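The structure under discussion appears below in the form of structure tokens.
The structure displayed is predicted, hence computed values, not measured ones.
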Amino acid sequence: MSELRIGAHVDQTDPIAEASARTAPLVQFFLGNPQSYKGPVLAYEAGAEALRADAEAAGVDLYVHAPYLINVATTNNRQRIPSRKLLQQHMDAAAEIGAKGLIVHGGHVTDEDDPAKGFDNWRKAIEATDIKVPLLIENTAGGTNAMTRHLDRIARVWDAISAAEGFEMVGFCLDTCHAHAGGNALETVVEDVRAITGRIDLVHANDSRDDFDSGADRHANFGEGRIDPALLAQVITEADAPVILETPGGAAEHTADAAWLRERV
């Protein structure tokens, strides 16, 4: 295993300062409002080129989390078409700042839909997107017709997109809280995901406030949630990928969570 690199989700106003406050070699942030279709907004005062240069000079890797509203799987044209547009806008913005990846949730179809339509919509979305930095699809916690909650659905997404042009730029982000709350056995989840995708590019490391298979996406600080501490550390260790803490709090809490994790890996 390579040395564990731990960062956190931070405010985007000055991600370099946020990384420094956590002694972190990587950070993740939103570009704009995660609940809006309005498009990316860069808050870094000096602009995109300066952020890219400043991050490189500081040795900090940048990751962008796409808005939660993006759902390229849906059969609803009024949501799917704006989602594709928004995904491309954030892809372009992520590339401008030299981001190492753009993370996007798997989305869902309605309970009345054939999930096969959602898998094919993912294929179409990959083909329609000019992928400039790695697009990391994240597993999600809830929903009965979610595309990436359960392993069998992740497998079908991967089957659908594997033939799409641009697939070589698609990776996977494993969220530990989502895996637990989504009903996936953490004892084997890393092996199970790798058997499907061949890769884990990033870990969203979070404890869960809720029980296994609850379907609830509520993060907790390490040791304060419902995931067995040893099992949580095992998953993160086995994934052997850069780690982003999305746990509650700011620099002090993230520093404590990073220390908790380092004691167990």
May I ask you to establish whether R262 and W260 are in a cation-pi arrangement, using a distance under 6.0 Å from NZ or CZ to the six-membered ring centre and at most 45° from the ring axis? no

Distance only, no hydrogens: is a donor on one side chain within 3.5 Å (strictly under) of an acceptor on the other, for [X] and [Y]?
X: R149; Y: N184; value: no
X: D113; Y: T110; value: yes
X: H65; Y: Q28; value: no
X: D210; Y: S208; value: no

How about [atom1] on [X], more than 12 heavy atoms from neighbouring residues, nucleotides or ligands closer than 6.0 Å, or not?
X: K132; atom1: NZ; value: yes
X: Q35; atom1: CD; value: yes
X: E127; atom1: CD; value: yes

With rounding to the nearest 0.5 Å, note down the distance linking [atom1] in [X] to [atom2] in [Y].
X: L151; Y: T188; atom1: CG; atom2: OG1; answer: 7.5 Å
X: T129; Y: M169; atom1: OG1; atom2: CE; answer: 11.5 Å
X: L86; Y: I70; atom1: CG; atom2: CD1; answer: 4.0 Å

Check: [Y] and [X] side chains under 4.5 Å, non-hydrogen atoms:
X: R84; Y: K124; answer: yes
X: V64; Y: I97; answer: yes
X: V235; Y: L174; answer: yes
X: F167; Y: I131; answer: no
X: L31; Y: H90; answer: yes
X: V60; Y: P25; answer: no
X: L232; Y: T176; answer: yes

Assign the ring pair H180 / F212 to parallel, tilted or perpendicular, where the plane angle (0 to 90°) is split at 30° and 60°. perpendicular

Aromatic ring pairing H105/H178, orientation class (parallel under 30°, perpendicular over 60°, tilted between): perpendicular

Look only at the side chain of [X] and the backbone of [Y], and say whether a donor-acceptor pair between them is shorter than 3.5 Å.
X: Q88; Y: K85; result: no
X: N145; Y: P115; result: no
X: N206; Y: H219; result: no
X: R22; Y: T255; result: no
X: D207; Y: G225; result: yes
X: N139; Y: D175; result: yes

State which residues pass side-chain hydrogen bond (donor to acceptor under 3.5 Å, both in side chains) with D228; sequence neighbours excluded, sorted by chain then number. none

Would you call K117 and D120 a salt bridge, using N to O less than 4.0 angstrom? no

Check this for me, if you would: do K100 and D201 make a salt bridge, where the nitrogen-to-carboxylate-oxygen distance has to be below 4.0 angstrom? no

Compute the centroid of each ring, for H9 and then for F30, and state whether the two points are separated by less than 6.0 Å. yes

